[in-house]
Amino acid sequence: MGYEDEIKAGSAKHAPPADLVGKFQYGTAGFRMKAKDLDAVVYRVGLLAALRSKKLNGQTVGVMITASHNPPEDNGVKLVDPMGEMLESSWEAYATSLANADSDQQLVDWYNNLAKNLRINLDAPAKVIYARDTRASGSRLVGCLQDALSATGAQYTDFKLATTPQLHYYVRCTNTKGTQDEYGEPTEKGYYEKLGAAFKQAMEHHKTSGGLVVDCANGVGGPKLRELVKYLPTAAEGGIDIKIVNDDVHKPDTLNSSCGADYVKVNQRAPPSSKAGANDRCCSLDGDADRIVFYFLDEKNTFRLLDGDRIATLAASFIGDLARQAGLGDKLNVGVVQTAYANGAATMYVENNLKLPVICTPTGVKHLHHAATRFDVGVYFEANGHGTVVFSPSALKTIHTCQPESPAQADALSTLGALTDLINQTVGDALSDMLLVEVILAHKHYRCADWLSSYTDLPNRLLKVEVPDRNQFQTQEGTAERKLAQPQRIQDEIDKMVAKFSNGRSFARASGTENAVRVYAEANTRAEADDLAANVAAIVKKFGAVAGM
Ligand code: NG1
Ligand code: ZN
């Protein structure tokens, strides 16, 4: 059989639900929906992965099957580019069009057309690697993917269960192996060894204090963290006293259920299962371990959240200090990248106290990551705990070639060098970020309460509003999603409402991952923030329901 017949045969086996054809969209997190509806989409993403690899001269492309913090019955799929970054954005539209082909023949035609328009040699080799999280539907979807890869003649490797950031790491390692940009061993062991060695180096002369309870959302982070721990110094050796909770991957229904980073961030409370006492340091990962938030109960038993904004400010302040101590203060420009969901107090703290520049981008890690590469050291985090720190090639060279002039400088340089390995350079990584936070707290002799005291969050509220058509909601170019261009009436009403609150800020935007509009509000007091959010949500609901606005 020729490839066209093979593609058609595979496509016939994995037909999309008819009522969804035309509605699939590759969004900020790839495709994400009920797992039962995803077979055809995954099959078609497999075709695109092969095309992408062929276009890039046979460099390895990644495919991750996960729905992150979504409920267990969902799943999703996204592509990873050769350096471990998100798929180049121009290709998102190709993914969307392939997913929406409405017949096997049309799918082959679009495949061939894409190859022709993008000047892809279909005889070129293709290499694809893939992995999945712990969802029950994952192995069936891997089957759909394999069918596509076989039909295109791509070579492929199954990395089985992995966290999303592990797969990004494997992709980059595979493509850089044997080059001067070698990133690490493209194996699970290689990943743990790299993090373990970097953590040890960063913790030289330091030790952590108190334990850390890690809620793994009953997802893939649980077993992977258990493995990672084997490569870290023990608590007696000055390492972290880690207690792993919510790591049951055998009861699929428990995934992200009343636990995990999203639950904690959205509800602003600890998982009900948490037994943490006052001042115990806790953190929660999400279902694919690319997000992390920290929290603790203070002396008054009040829940205190240390979210992505807090990790960003902690990391930026630490790295800025290290750069100065290493004598590189004027050679490394450190900056922070946030989205409109960052707390206003965090932005002010970075600009006014840390005196570092802040860039605000639209939601979605690809936007943040891209902006972060404009700095020598770019710290980017979404408030929900997804983020990392990227070091530019010239920053790496500066750090690795600098000759220290004192023992203090040598120490700072060694820690800085260790951070470049400890921090996953490809994408936000909950396990790597967890170690980063532990290193910083140990160096600063901080308890969670000290970390929290650097600034006071403005009270805020995030709400979700169901609307008949979220696509009506278009944000204004250049406002990083803080203003709507359409429907204009809604933006006018929001502006009037915000003006009634002192220090009020609120915006509405269509979610890229759910069929809803998100409303964010912050104000001087808890009651005002809640009030502002509720009022803006009511505006969105009232005017968003009017057809043709
Ligand atoms: P949407 O649904 O577009 O708001 C959410 C998160 C993003 C990002 C993506 C991908 C919020 C407010 N939004 O996007 O930050 O993480 O999911 O997972 O948290
Ligand atoms: Zn995730």
Side-chain angles (χ1 to χ4, degrees), residues 25-33 64-71 74-78 80 86-87 92 131-135 162-168 216-221 224 255-256 259-268 284-293 305 307-309 312 337-343 360-369 380-388 424 427-433 460-467 470-471 473-475 480-482 506-522 533:
Q25 202 181 344
Y26 195 99
T28 36
F31 293 105
R32 205 180 276 186
M33 64 196 77
M64 184 69 202
I65 297 181
T66 176
S68 185
H69 56 278
N70 282 37
D74 288 9
N75 216 328
V77 60
K78 56 188 165 193
V80 180
M86 305 284 173
L87 175 68
E92 293 178 3
R132 61 184 170 92
D133 69 15
T134 53
R135 284 160 206 271
T163 68
T164 295
Q166 280 180 325
L167 181 76
H168 285 252
C216 298
N218 293 317
V220 67
K224 300 307 175 188
L255 175 68
N256 297 324
C259 61
D262 201 55
Y263 175 89
V264 171
K265 170 72 181 163
V266 171
N267 296 291
Q268 305 196 17
S284 287
L285 321 181
D286 72 341
D288 62 338
D290 61 356
R291 286 192 194 180
I292 185 167
V293 294
L305 179 65
D307 62 5
D309 294 344
V337 185
Q338 304 178 318
T339 71
Y341 294 102
N343 197 279
C360 185
T361 73
T363 304
V365 192
K366 66 176 179 215
H367 299 296
L368 288 110
H369 191 101
Y380 76 83
F381 273 86
E382 294 187 308
N384 60 32
H386 190 171
T388 191
N424 193 326
V427 77
D429 181 334
L431 298 181
S432 150
D433 291 339
N460 60 92
R461 182 65 64 198
L462 181 61
L463 297 177
K464 204 162 73 177
V465 187
E466 311 269 323
V467 291
R470 72 171 151 152
N471 294 322
F473 289 74
Q474 302 290 337
T475 53
E481 302 178 328
R482 284 171 289 198
S506 183
F507 63 93
R509 63 171 269 281
S511 158
T513 59
E514 289 179 83
N515 195 16
V517 167
R518 292 196 202 285
V519 168
Y520 176 85
E522 60 188 34

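All values derive from a computational prediction rather than experimental measurement. Both ligands and their constituent atoms are indexed starting at 1 by order of listing. Atoms considered below: every heavy atom in the structure, side chains included; atoms not considered: hydrogens, waters and symmetry mates.
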Residue, atom name and distance, where the atom is the protein heavy atom closest to [atom]:
atom                    : value
atom 16 (O) of ligand 1 : E382 OE1, 2.9 Å
atom 3 (O) of ligand 1  : G512 N, 2.6 Å
atom 19 (O) of ligand 1 : N384 ND2, 3.0 Å
atom 4 (O) of ligand 1  : R518 NE, 2.6 Å

Pairing residues for [X] by the side chain to side chain donor-acceptor pair (under 3.5 Å) criterion, not counting sequence neighbours:
X    : result
E514 : K464, R518
N515 : R470
H367 : none

Query raised in the report: How far does CG of D429 sit from OG1 of T163, to the nearest 0.5 angstrom?
Result: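 It comes to 5.5 Å.
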Requested in this report: Look up atom CE in M33 and atom OG1 in T513, then write down how far apart they are to the nearest 0.5 Å.
Outcome: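 The CE atom of M33 sits 12.0 Å away from the OG1 atom of T513.
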What I want to know is whether [X] and ligand 1 share at least one N or O pair that is separated by under 3.5 angstrom.
X    : result
S511 : yes
A510 : no
H69  : no
T513 : yes

Report task. May I ask you to check whether Y341 and F381 place their ring centres under 6.0 Å from each other? Result ->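 Not close enough - the centres of the two rings lie 6.0 Å or further apart.
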Query raised in the report: Centroid-to-centroid, H369 to Y380, below 6.0 Å?
Result: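 Ring-ring flag for H369/Y380: true, centres closer than 6.0 Å.
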Suppose I only count heavy atoms of [X] and a 4.0 Å limit; which atoms of ligand 1 are within that range?
X    : result
Y341 : 12 (C)
T363 : 7 (C), 15 (O)
R509 : 1 (P), 3 (O), 4 (O)

Query raised in the report: C216 pairs by side-chain contact (heavy atoms from CB on, under 4.5 Å) with which of L285, L255, D286?
Result: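 Considering L285, L255, D286, a side-chain contact (heavy atoms from CB on, under 4.5 Å) with C216 is found only for L285.
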Query raised in the report: Applying the side-chain contact (heavy atoms from CB on, under 4.5 Å) test to R32, which of V77, N75, N70 qualifies?
Result: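 The single option meeting the side-chain contact (heavy atoms from CB on, under 4.5 Å) with R32 is N70.
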**Report entry** Which segment of R291 sits under 4.0 Å of ligand 1 when only heavy atoms are counted
**Finding:**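 The side chain, only.
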Query raised in the report: Any sub-3.5 Å donor-acceptor pair from D74's side-chain atoms to A67's backbone N or O?
Result: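 The answer is no, because no donor-acceptor pair under 3.5 Å joins these two groups.
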**Report entry** Test log, rule salt bridge (charged side-chain N to carboxylate O under 4.0 Å, His left out), inputs K265 and E382
**Finding:** CA-CA 11 Å; K265 170 72 181 163; E382 294 187 308; over 6 Å; no
Query raised in the report: What's within reach of the Zn ion (ligand 2), meaning protein N/O/S atoms under 2.8 Å?
Result: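 Less than 2.8 Å away from the Zn ion (ligand 2) sit S68 OG, D286 OD2, D288 OD1, D290 OD1.
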Report task. Given side-chain hydrogen bond (donor to acceptor under 3.5 Å, both in side chains), test D288 with S68 step by step and report yes or no. Result -> CA-CA 5 Å; D288 62 338; S68 185; 3.2 Å; yes
